[in-house]
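One structure is given below, encoded as C-alpha cells.
Index from 1, following the sequence. These numbers come from a predicted model, not from an experiment.
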Amino acid sequence: ITGLVSTGAWVSMGGCIYSATCPSVGTTVDMVHLNGVSQAIGRYPNASATNGGYLNIDSHTANTQVVSSQLNTAVNWAGADIVFRKNHWVITHGTVTSNTATVVNYSETSAYQPINNWGFFFQNHPSTLDLPGEWYYDAVNKKILMYFGATTPTNGSVMVAGYDYLVNFSVQNYITIKGLALIGSNLSLINLFTSTGFIVSNCTLSNAGQHGLYANVTTNLVVSNCNVQNTASNGIVSRNQTNTTVSNDTLTNIGIVAGM
C-alpha cells in the first residue's frame, strides 16, 4: 500500500532546478522519492558544510530573533523553515518572518529558547537547492522544485507523499493489522487514537515523513515482528498508553536527517 503519488510534467526553472505541479497533494509535503529513494529537503548550509551545516548563534532575543555573523547573506529567507539545534536531543522548527544580512526574525511555538553558540539552518526555500535530489514544496501553488544537477527529470521519476496517514483508526477496537507493506506518508504510516486491543504484526513500514507507527491513548497494543525503516522522526511511538508490548521489531534509518 503506497501513499506516494506522481507529479505533473517537469518544467526547467534554470540553474539545474525543475518544477512540477502536485495537484493531489495537500498543504504539507514531508516525503519525496527520486527513482525510488527518499530525498532530503533542501537546506542551507548543506549538512557537509563547516560545523555540520549549522550557522552559529551569536546572540538571541527570546524565541523570536537570532543574530549570526556567519549568515552574511543577501537572500530573503522570509517564509523558510528555520531549524534550531537547542541542545543535544532537541531540534525545533520556526518560520522566518524577515531577515537582514546577519539578523533573522521568526515565529515559533517551542518552549525551548535558542542557546548562544549553538546553531541553526534554513530549509524549505528555493535558495537552498544546490545538491541533486534536494527539494522545496510551494504549498500555495502546489508545486515541487527539485535540483537535478547534470541530469534531467523524467515523468514518474519523482513521487510525493499525498496522504498524511495510510492506516488511520480512531475509537476502534480489537483490530489486527498483519502482513502489510506500507510506504510513503507525510505523517505516520499507521495512526491509532483511543483504541484497545490492536495487534500490528509482520508489517513493513517505510518512508514516513514522521513516524512509522504513532499510537495515542491505547490499551493492550501489540507491535511485533515489524520492519520499520526510513522514517524522518520516530519508528514507533506509544503515548498515554496502558500495557503496550513492542517485541522482535527491527528499526533502521530512523530520524537520521536533521530538520525532517
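Heavy atoms only, all atoms of each residue included: Pro114 and Ala62 are closest at CD-O, 3.4 Å. Closest heavy-atom contact between Thr152 and Tyr18: CG2-OH, 3.3 Å. Closest approach of Cys203 to Gly179, counting heavy atoms only: SG-N, 3.7 Å. Scanning all heavy atoms of the two residues, the minimum distance from Ala78 to Asn99 falls at N-OD1, 4.0 Å. Gly26 and Tyr137 make their closest contact through O-OH, 2.6 Å (heavy atoms, listed as atom of the first residue, atom of the second, distance).
Asn46 places no side-chain N or O within 3.5 Å of a backbone atom of Ser48 that could act as its donor or acceptor partner. For Asn216 (side chain) and Ser238 (main-chain N/O), no donor-acceptor pair under 3.5 Å exists by modelled atom type. In this structure a side-chain-to-backbone donor-acceptor pair under 3.5 Å is missing from Thr21 to Pro23. Judged purely by atom type and a 3.5 angstrom limit, Thr176 has no side-chain atom pairing as donor or acceptor with the backbone of Lys178. Asn87 contributes a side-chain N or O that, together with a main-chain N or O of Val90, makes up a donor-acceptor pair within less than 3.5 Å. At distances below 3.5 Å, at least one donor-acceptor pair connects side-chain atoms of His125 with backbone N or O atoms of Asn76. Formation of a donor-acceptor pair under 3.5 Å by the Asn141 side chain with backbone atoms of Lys143 is not found in this model. No donor-acceptor pair closer than 3.5 Å links the side chain of Thr128 to the backbone N or O of Pro126. Ser68 contributes a side-chain N or O that, together with a main-chain N or O of Asn56, makes up a donor-acceptor pair within less than 3.5 Å.
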Run the side-chain donor-acceptor check on residues 226-237: report pairs under 3.5 Å with partners two or more places apart or on a different chain.
residue, atom, partner, partner atom, Å
Asn230, OD1, Asn253, ND2, 3.2
Thr231, OG1, Asn234, O, 3.0
Asn234, ND2, His211, ND1, 3.4

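Proximity of the aromatic rings of His88 and Trp118 is defined here by a centroid distance below 6.0 angstrom, and this criterion is met.
Among pairs with a residue in residues 179-189, none fulfils salt bridge (charged side-chain N to carboxylate O under 4.0 Å, His left out), at least two apart in sequence or across chains. Sorted by first then second residue, the salt bridge (charged side-chain N to carboxylate O under 4.0 Å, His left out) pairs that include residues 114-125, not counting sequence neighbours, number zero. The side-chain hydrogen bond (donor to acceptor under 3.5 Å, both in side chains) pairs that include a residue from residues 162-171 are Asn168-Asn191, where partners are two or more places apart or lie in different chains. The salt bridge (charged side-chain N to carboxylate O under 4.0 Å, His left out) pairs that include a residue from residues 103-132 are Lys86-Glu108, where partners are two or more places apart or lie in different chains. Annotation: salt bridge (charged side-chain N to carboxylate O under 4.0 Å, His left out) contacts involving residues 29-52, sequence neighbours excluded, are absent.
In this structure, Trp135 CH2 and Met31 CE are separated by 8.0 Å, a value rounded to the nearest 0.5 Å. Between atom CZ of residue Arg85 and atom OH of residue Tyr54 there is a gap of 4.0 Å, rounded to the nearest 0.5 Å. Here CG of Leu187 is found 4.5 Å from CD of Gln210. Values are rounded to the nearest 0.5 Å. With rounding to the nearest 0.5 angstrom, the CZ atom of Phe120 is 13.0 Å from the NE2 atom of His60. Rounded to the nearest 0.5 angstrom, Phe198 CZ and Phe169 CZ are separated by 5.0 Å. Interatomic distance, Ile177 CD1 to Leu192 CG, rounded to the nearest 0.5 Å: 6.0 Å.
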Pair Ser127, Tyr44 - check side chain to side chain contact (heavy atoms under 4.5 Å, CB included), show working. CA-CA 8 Å; Ser127 294; Tyr44 174 82; over 6 Å; no
Please test Thr245 against Val223 for side chain to side chain contact (heavy atoms under 4.5 Å, CB included), starting from the C-alpha separation and ending with a verdict. CA-CA 6 Å; Thr245 300; Val223 184; over 6 Å; no
Would you check, one step at a time, whether the test side chain to side chain contact (heavy atoms under 4.5 Å, CB included) holds for Ile82 with Val66? CA-CA 10 Å; Ile82 184 169; Val66 289; 4.3 Å; yes
May I have the step-by-step check of side chain to side chain contact (heavy atoms under 4.5 Å, CB included) for Thr218 and Thr244, ending in yes or no? CA-CA 8 Å; Thr218 60; Thr244 292; 4.2 Å; yes
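In the hydrophobic clustering, where aliphatic and aromatic side chains (Ile, Leu, Val, Met, Phe, Trp, Tyr) are joined below 4.5 Å either directly or transitively, Val103 groups with Val67. Tyr136 forms part of a hydrophobic cluster together with Met13, Ile17, Leu129, Leu145, Tyr147, judged by ILVMFWY side-chain heavy-atom separations under 4.5 Å.
Side chains of Leu34 and Met146 form a contact here, defined as non-hydrogen atoms less than 4.5 Å apart. Residues Asn186 and Val29 form a side-chain contact, since some pair of their non-hydrogen atoms from C-beta on lies under 4.5 Å apart. Looking at heavy atoms from C-beta onward, Ser12 lies out of side-chain contact with Phe148 at the 4.5 angstrom threshold. Side-chain contact between Thr64 and Asn105 is absent, with no heavy-atom pair separated by less than 4.5 Å.
Defined by atom type and a distance below 3.5 Å, a donor-acceptor pair is present between the side-chain atoms of Asp58 and Ser69. Residues Gln113 and Asn63 have side chains that never bring a donor and an acceptor to within less than 3.5 angstrom of each other.
When the options Thr196, Asn243, Thr242, Asn173 are evaluated for a side chain to side chain donor-acceptor pair (under 3.5 Å) with Asn220, the one that passes is Asn243. Under the side chain to side chain contact (heavy atoms under 4.5 Å, CB included) test applied with Leu213, the options Val167, Val246, Val200 reduce to a single match, Val200. Only one option out of Thr204, Asn207, Ile190 pairs with Leu182 in a side chain to side chain contact (heavy atoms under 4.5 Å, CB included); it is Ile190. The side chain to side chain contact (heavy atoms under 4.5 Å, CB included) with Ile1 is formed by just one residue from the set Ile183, Leu180, Leu189; it is Leu180.
Partners of Lys142 by side-chain hydrogen bond (donor to acceptor under 3.5 Å, both in side chains), not counting sequence neighbours: none found. With sequence neighbours left out, Ser157 forms a side-chain hydrogen bond (donor to acceptor under 3.5 Å, both in side chains) with no residue at all. Listed by chain and number, the residues in a side-chain hydrogen bond (donor to acceptor under 3.5 Å, both in side chains) with Gln70 amount to none (sequence neighbours excluded). Under the side-chain hydrogen bond (donor to acceptor under 3.5 Å, both in side chains) criterion, Asn248 pairs with no residue, sequence neighbours left out.
The aromatic rings of Phe122 and Trp77 sit parallel, their planes meeting at an angle under 30°, below the 60° perpendicular limit.
A continuous path of ILVMFWY side-chain contacts below 4.5 Å connects Ile57 to Leu71, so both sit in one hydrophobic cluster. In this structure, Phe84 is not a member of the same hydrophobic cluster as Val257, with clusters built from ILVMFWY side-chain heavy atoms closer than 4.5 Å.
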